[in-house]
Amino acid sequence: MSKKVLILSGSPRRGGNSDTLCDEFMRGAEDTGNTVVKVFLGDYKINYCTGCGVCNGTHQCVQKDDMAKILDKMVDSDVIVMSTPVYFYSMDAQMKTLIDRTVPRYAEIRDKDFYFIVAAADTDNNMMERTVEGFRGFTEDCLPNARERGIIYGTGAWQKGDINNSLAMVQAYEMGRGV
């Protein structure tokens with residue numbers, strides 16, 4: 001059965017290492033007949049959450065930016081891939097801002113399969129666990145019936161293109177095929 005897959009690429013560099021892993025995951029998912037939409041967060045205007053609390057009652061954010069469009073896609077998908085480069089042992093600002101801005105409708109992001117893609121210069125997967133735990137805090141603790149399905153660790157990737165020809169590229173493609 002074909003699934004609707006949403007890939008959220010938090011990389012600030014188009015074609016950066018985590019973004020390249022997103023493309024490989026997408027290729028695998030498309031090769032098995034799934035419908036895939038990739039959102040490169042850098043193409044969207046997403047303001048920081050101001051903590052005003054209005055959305056708690058209205059389920060709509062008062063800010064007029066692109067986040068409502070992305071939330072629609074998140075609610076409508078079957079599978080969500082969240083990808084980030086790892087900076088100082090955490091997700092980047094683009095991904096964290098997106099997570100913070102899901103507050104108006106986070107309860108509607110339910111019954112989804114989640115995949116995480118993290119890329120870093122470090123060569124030790126254990127050093128990226130803080131980032132993965134940040135994703136898990138969002139998905140497992142906040143979203144109804146979220147299911148973690150896989151993690152891709154793109155290690156040893158400092159400069160743009162370092163991820164090419166790595167085992168992580170094969171893993172991203174195969175994980176995409178397995179959606």
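- Inter-residue side-chain proximity for M82 and I99 is flagged as met; some heavy-atom pair is nearer than 4.5 Å.
- Under the 4.5 Å side-chain heavy-atom criterion for grouping Ile, Leu, Val, Met, Phe, Trp and Tyr, F116 is connected to L143 within one hydrophobic cluster.
- The existence of a salt bridge linking R27 and E24 is confirmed by a sub-4.0 Å separation between a basic side-chain nitrogen and an acidic carboxylate oxygen.
- The closest side-chain heavy-atom distance from F135 to M95 is below 4.5 Å.
- Summarising the geometry of C22 relative to K38, their closest heavy-atom pair is CB-CE, 4.2 Å, with the distance given to 0.1 Å.
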* To do: Verify salt bridge (charged side-chain N to carboxylate O under 4.0 Å, His left out) between E133 and R130, making sure each step is shown before the conclusion.
  => CA-CA 5 Å; E133 286 305 313; R130 291 179 193 150; over 6 Å; no

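- Counting heavy atoms from C-beta outward, S83 and L21 have side chains that stay 4.5 Å or more apart.
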Would you tabulate the side-chain donor-acceptor contacts of residues 169-179 under 3.5 Å, counting partners in other chains and residues two or more places apart, or write 'none'?
residue : atom : partner : partner atom : Å
Y173    : OH   : D31     : OD2          : 2.7

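- At distances below 3.5 Å, at least one donor-acceptor pair connects side-chain atoms of N34 with backbone N or O atoms of K3.
- For N17 (side chain) and Q159 (main-chain N/O), a donor-acceptor pair under 3.5 Å exists by modelled atom type.
- Grouping the Ile, Leu, Val, Met, Phe, Trp and Tyr side chains by contacts below 4.5 angstrom, directly or via other members, places F138 with L6.
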* Stepwise side-chain contact (heavy atoms from CB on, under 4.5 Å) test for T139 and I80 -> CA-CA 10 Å; T139 58; I80 299 175; over 6 Å; no

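- I70 and V75 fall within a single hydrophobic cluster, where Ile, Leu, Val, Met, Phe, Trp and Tyr side chains are chained together by heavy-atom contacts under 4.5 Å.
- Smallest separation of non-hydrogen atoms from P85 and P12: CG-CD, 3.9 Å.
- When every heavy atom of Y44 is checked against every heavy atom of F40, the shortest pair comes out as CD1-O, 3.4 Å.
- In this structure, CG in D19 is found 10.0 Å from CZ in R13, a value given to the nearest 0.5 Å.
- Between the side chains of E129 and Y153, at least one donor N or O lies within less than 3.5 Å of an accepting N or O.
- In the hydrophobic clustering of this structure, F114 groups with M128; members are Ile, Leu, Val, Met, Phe, Trp, Tyr whose side-chain heavy atoms approach within less than 4.5 Å, directly or through other members.
- Between the side chain of R105 and the main chain of Q60, no donor-acceptor pair closer than 3.5 Å is present.
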* To do: Using the side-chain contact (heavy atoms from CB on, under 4.5 Å) rule, take V39 and K69 through it: C-alpha gap first, then chi angles, then the decisive distance, then the call.
  => CA-CA 10 Å; V39 171; K69 289 184 258 186; over 6 Å; no

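- Annotation: side chain of I117 is not in contact with side chain of I7 (no heavy-atom distance under 4.5 Å).
- The two residues V86 and A120 make their nearest non-hydrogen contact at CB-CB, 3.8 Å.
- To the nearest 0.5 Å, the span separating CG on D66 from CD1 on I46 amounts to 7.0 Å.
- No more than 12 heavy atoms of other residues, nucleotides or ligands sit less than 6.0 Å from atom CG of N165.
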* To do: Could you walk me through whether R147 and D111 pass the side-chain contact (heavy atoms from CB on, under 4.5 Å) test, one step at a time?
  => CA-CA 7 Å; R147 297 170 299 274; D111 304 313; 4.3 Å; yes

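- Within 6.0 Å of OH in Y87 there are more than 12 heavy atoms belonging to other residues, nucleotides or ligands.
- No donor-acceptor pair closer than 3.5 Å links the side chain of S18 to the backbone N or O of A119.
- Atom OH of Y106 sits in a sparse spot, with 12 or fewer heavy atoms from other residues, nucleotides or ligands closer than 6.0 Å.
- Annotation: side chain of L71 is not in contact with side chain of H59 (no heavy-atom distance under 4.5 Å).
- Judged purely by atom type and a 3.5 angstrom limit, T123 has no side-chain atom pairing as donor or acceptor with the backbone of G156.
- Cluster membership for M91 and V103, using ILVMFWY side-chain heavy atoms within less than 4.5 angstrom, is not shared.
- Here the straight-line distance linking atom CG of D100 with atom OG1 of T50 works out to 11.0 Å at 0.5 Å rounding.
- Between the side chain of D78 and the backbone N or O of K4 there is at least one donor-acceptor pair closer than 3.5 Å.
- Annotation: side chain of R101 is in contact with side chain of Q63 (closest heavy-atom distance under 4.5 Å).
- Side-chain atoms of D162 come within 3.5 Å of backbone atoms of W158 as a donor-acceptor pair (strictly under, hydrogens ignored).
- By the 4.5 Å heavy-atom criterion applied to side chains, L8 and M74 are counted as neighbours.
- Using a 4.5 Å heavy-atom threshold, the side chains of L98 and M67 count as touching.
- Between L41 and Q94, the shortest heavy-atom distance links the atoms CD1-O, 3.7 Å.
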* To do: Show your reasoning for whether side-chain contact (heavy atoms from CB on, under 4.5 Å) applies to V118 and T84.
  => CA-CA 5 Å; V118 291; T84 184; 4.1 Å; yes

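- T20 places a side-chain N or O within donor-acceptor distance of the main-chain N or O of G15, the cut-off being under 3.5 Å.
- With hydrogens and angles ignored, the 3.5 Å screen pairs a side-chain donor or acceptor of D65 with a backbone N or O of N47.
- Residues G154 and I163 come closest through the heavy atom pair CA-CD1, 3.6 Å.
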